[in-house]
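Notes for the one structure printed next.
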2 protein chains.
Amino acid sequence: MPDSTDLKTSGLKATFPRMKILDIFRDSPTRHMSAEDIYKHLLADETEIGLATVYRVLAQFEQAGLVKRTQLGAGKAVYELNDGQRNHGHLISLQTGEVQEFYDPEIEKRLKRIAQQLGYHVAEYTITMYGDKR
Amino acid sequence: MPDSTDLKTSGLKATFPRMKILDIFRDSPTRHMSAEDIYKHLLADETEIGLATVYRVLAQFEQAGLVKRTQLGAGKAVYELNDGQRNHGHLISLQTGEVQEFYDPEIEKRLKRIAQQLGYHVAEYTITMYGDKR
DNA sequence: TTTATTGCAAAACCTTTGCATGTAT
DNA sequence: ATACATGCAAAGGTTTTGCAATAAA
């Protein structure tokens with residue numbers, strides 16, 4: 001069910017590619033998707049949208065605060081719907097590539113303090129763990 | 001002062017490119033360098049070593065545990081001499097690109113506990129902060 | 001001598017961009 | 001009508017690879 005509300009609120013025109021991509025985020029059981037992942041979803045949906053457009057839309061969504069982009073390791077960046085503001089970390093399974101999120105206010109507090117002691121104000125931080133399933 | 005000891009200890013042949021690159025790490029005032037950075041050092045040194053070789057040597061060094069590779073954001077990976085085992089985080093200046101290291105045992109402890117609770121054993125983790133100089 | 005290493009150029013990979021065409025408002 | 005969005009293909013930046021030539025042991 002395409003919903004253009006969020007798009008308009010974000011000051012973005014309600015175009016077909018943008019609505020479709022937003023839908024994919026909403027309908028996907030996988031929260032974290034790369035541009036390529038989304039492109040494949042579109043193809044599976046018989047939706048002809050160019051990969052370049054996917055990248056452009058994702059960049060606009062990121063700017064508008066609709067999605068968050070995270071560079072996981074060296075490979076592709078993944079995007080996720082921006083529910084809430086908590087800057088969570090990612091735990092990636094070395095076996096399956098599955099991504100889990102986590103958040104620890106104490107860690108965040110400590111990071112901010114460390115940066116402060118080094119003379120910085122934290123603009124952004126990322127925590128990524130790679131682990132084996134026990 | 002080229003030193004082939006560490007190379008031989010690592011089971012790597014003491015070739016000219018490998019010794020030279022190891023020297024660059026030792027002599028550089030900058031601890032974190034990209035492959036391109038190292039390549040430029042070599043050129044400045046009138047040393048003709050191909051960029052492909054730099055990448056190959058760095059990969060071998062990483063495997064041998066001589067250096068650590070860290071993907072900083074979307075761009076290039078940086079390499080640093082692997083002194084000690086502490087898996088430190090990186091704080092990068094948004095103004096200068098300067099890289100500071102930090103380590104907090106409490107954060108590490110918490111990350112491990114979080115992973116455990118999610119059913120994982122941490123193989124590796126990276127923390128990267130981007131900050132403004134105060 | 002034998003096996004590993006290098007250099008070069010080409011390819012791979014993810015992402016961005018130029019430009020003409022198409023579309024939302 | 002007008003500004004913005006799209007598609008395609010080409011280019012960008014970083015990293016890897018194939019292969020013949022070269023050097024370490």
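By convention in this document, chain letters (A, B, ...) are assigned in the order of the sequence lines, proteins followed by strands, and residues within each chain are numbered from 1. Values below: all heavy atoms of this structure, side chains included; hydrogens, waters and symmetry mates excluded.
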How sharply is the helix from C:dT1-D:dA25 to C:dT25-D:dA1 bent, taking the axes over five pairs at either end and rounding to 10 degrees?
->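 Terminal axis comparison yields 30°.
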
Is any side-chain nitrogen or oxygen of [X] closer than 4.0 Å to OP1 or OP2 of [N]?
X	N	answer
A:Arg56	D:dA5	no
A:Thr15	D:dT6	yes
B:Tyr55	D:dT16	no
A:Thr53	D:dG7	yes

Rounding to a whole Å, what distance do you find between [X]:[atom1] and [N]:[atom2]?
X	N	atom1	atom2	answer
B:Arg18	D:dT22	CZ	C1'	14 Å
A:Arg69	C:dC14	CZ	P	13 Å
A:Met19	C:dA24	CE	C1'	10 Å
A:Ile49	C:dG22	CD1	P	17 Å
A:Gln60	D:dT6	CD	P	6 Å
A:Leu12	D:dT6	CG	C1'	15 Å
A:Phe61	D:dA5	CZ	C1'	12 Å
B:Lys20	C:dT6	NZ	P	15 Å

Identify, between B:Ala77 and A:Glu48, the residue whose nearest nucleotide on DNA chain D lies closer to the 5' end.
->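 Residue closer to the 5' terminus by nearest nucleotide: A:Glu48.
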
Sidechain-backbone polar pair: B:Asp37 side chain, B:Ser34 backbone, donor-acceptor under 3.5 Å =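 Such a contact is found between B:Asp37 side chain and B:Ser34 backbone.
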
Determine the contact category for [X]: base if any of its heavy atoms lies under 4.0 Å from a base atom, sugar-phosphate if only primed atoms, P, OP1 or OP2 are that close, otherwise nothing.
X	answer
A:Lys76	sugar-phosphate
A:Glu36	nothing
A:Ala59	nothing

Pair A:Gln60, A:Arg18: side-chain N/O donor-acceptor within cut-off below 3.5 Å =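 Side-chain D/A pair, A:Gln60 to A:Arg18: present.
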
Which listed nucleotide (C:dT15, C:dT17, C:dT5) is nearest to the side chain of B:Lys13?
->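 Of the options given, the side chain of B:Lys13 lies nearest C:dT5.
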
Can you tell me how far [atom2] of [Y] sits from [atom1] of [X], rounded to the nearest 0.5 angstrom?
X	Y	atom1	atom2	value
B:Asn87	B:Glu101	CG	CD	10.5 Å
B:Tyr125	B:Ile114	OH	CD1	12.0 Å
B:His90	B:Glu80	NE2	CD	4.0 Å

Between B:Asp83 and B:Arg31, is there a salt bridge with N-O shorter than 4.0 Å?
->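 Salt bridge between B:Arg31 and B:Asp83, a charged N being under 4.0 Å from a carboxylate O: yes.
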
B:Asp27/B:Lys20 ion pair, N-O < 4.0 Å |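 Salt bridge: no.
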
